[in-house]
Amino acid sequence: MQYQVPQFIEVEDKIVGPLTLRQFIYLAGSGGLAALFFTTLPLVWAVIVTIPFAGLGIALAFYRINNKPFAEILEAGFSYITGKKFFLWKREEKTVQATTAAAIAAKEAEAAAARRTPKLTRGKLSELAWSMDVTRNPGTGDQS
């Protein structure tokens, strides 16, 4: 027995003329709001209030950003604005410290301590690696 496998399942069906059901609902909703505004408000205020809602309805129905519907972009933006944000690093402002004699002496002591710290050379590093290999117990896999 052979079955037909549906193709183009991502494409919405055209329900109302050249519009999909979703596009028709967006346009009908913005048209309904426009009709409500024109019946309840004076003409000047109705036009001023209707223009943003009509623009939003048209954008929701037809506008796509990076091949994604405008509704998904609005949803992602709204969830970003209202959601918690995770910061890995926040820049902290450095406070200006008065340069007193004690602060200068402390900086000089740190610099002197850094000069006394021995440098790790390639020979010392290989010697350290060899001594770690020798002290490891290879039979049990123990790394102590």
Side-chain angles (χ1 to χ4, degrees), residues 1-122 124-126 128-133 135-138 140-144:
M1 212 187 243
Q2 289 185 344
Y3 295 101
Q4 268 192 326
V5 177
Q7 297 179 356
F8 307 112
I9 57 174
E10 306 242 342
V11 177
E12 293 185 43
D13 293 330
K14 306 287 185 187
I15 303 286
V16 183
L19 303 175
T20 64
L21 181 63
R22 183 173 306 198
Q23 289 173 332
F24 177 73
I25 290 172
Y26 289 142
L27 293 177
S30 63
L33 277 176
L36 179 72
F37 293 147
F38 275 104
T39 57
T40 58
L41 296 174
L43 183 64
V44 173
W45 287 105
V47 170
I48 292 172
V49 173
T50 301
I51 290 174
F53 284 103
L56 180 64
I58 292 170
L60 286 171
F62 300 113
Y63 189 60
R64 297 177 77 80
I65 298 173
N66 291 334
N67 208 17
K68 288 187 178 183
F70 188 66
E72 286 184 20
I73 303 298
L74 279 180
E75 180 183 351
F78 183 74
S79 65
Y80 174 75
I81 290 171
T82 59
K84 292 184 178 182
K85 287 147 185 98
F86 178 68
F87 293 104
L88 293 177
W89 176 74
K90 285 187 179 180
R91 184 176 186 162
E92 295 178 2
E93 294 295 326
K94 294 182 179 180
T95 58
V96 178
Q97 297 178 354
T99 55
T100 61
I104 293 172
K107 287 182 183 179
E108 288 176 0
E110 288 177 17
R115 284 190 296 264
R116 286 191 302 260
T117 305
K119 301 283 187 204
L120 184 62
T121 61
R122 183 179 297 261
K124 288 184 181 180
L125 183 62
S126 61
L128 180 63
W130 183 79
S131 67
M132 289 180 69
D133 286 339
T135 58
R136 185 176 59 165
N137 187 356
T140 60
D142 188 5
Q143 303 239 348
S144 56

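- The minimum heavy-atom distance between S30 and A54, with the atom names listed, is CB-CA, 4.3 Å.
- Across all non-hydrogen atoms, the minimal contact from F38 to A46 is CD2-CB, 3.7 Å.
- For CZ of F24, the number of neighbouring non-hydrogen atoms (other residues, nucleotides, ligands) closer than 6.0 Å is 12 at most.
- Taking the six-membered ring wherever Trp is involved, the centroid distance between the rings of Y26 and F62 does not fall below 6.0 Å.
- For the atom pair CD1 of I58 and OH of Y63, the computed distance is 13.5 Å after rounding to the nearest 0.5 Å.
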Walk me through it: do L60 and L74 pass the test side chain to side chain contact (heavy atoms under 4.5 Å, CB included)? CA-CA 9 Å; L60 286 171; L74 279 180; 3.9 Å; yes

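- A cation-pi contact, defined as under 6.0 Å to the ring centre and within 45° of the axis, links K85 to Y80.
- Remark: side-chain polar atoms of E110 are not paired, donor with acceptor, to backbone N or O of K107 under 3.5 angstrom.
- The two residues A34 and T50 make their nearest non-hydrogen contact at CB-CG2, 3.4 Å.
- Looking at every heavy atom in both residues, A61 comes nearest to Q23 through O-NE2, 3.0 Å.
- Rounding to the nearest 0.5 angstrom, the gap separating the CG atom in N66 from the CD1 atom in I73 is 7.0 Å.
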Stepwise side chain to side chain contact (heavy atoms under 4.5 Å, CB included) check, K14 with L19: CA-CA 5 Å; K14 306 287 185 187; L19 303 175; over 6 Å; no

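- Taking CG of L56 as the reference point, atom CZ of F53 lies at 8.0 Å (rounded to 0.5 Å).
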For a side chain to side chain contact (heavy atoms under 4.5 Å, CB included) check, start with the C-alpha distance between N67 and R64, then their side-chain angles and the critical distance, and finish with the verdict. CA-CA 5 Å; N67 208 17; R64 297 177 77 80; 3.4 Å; yes

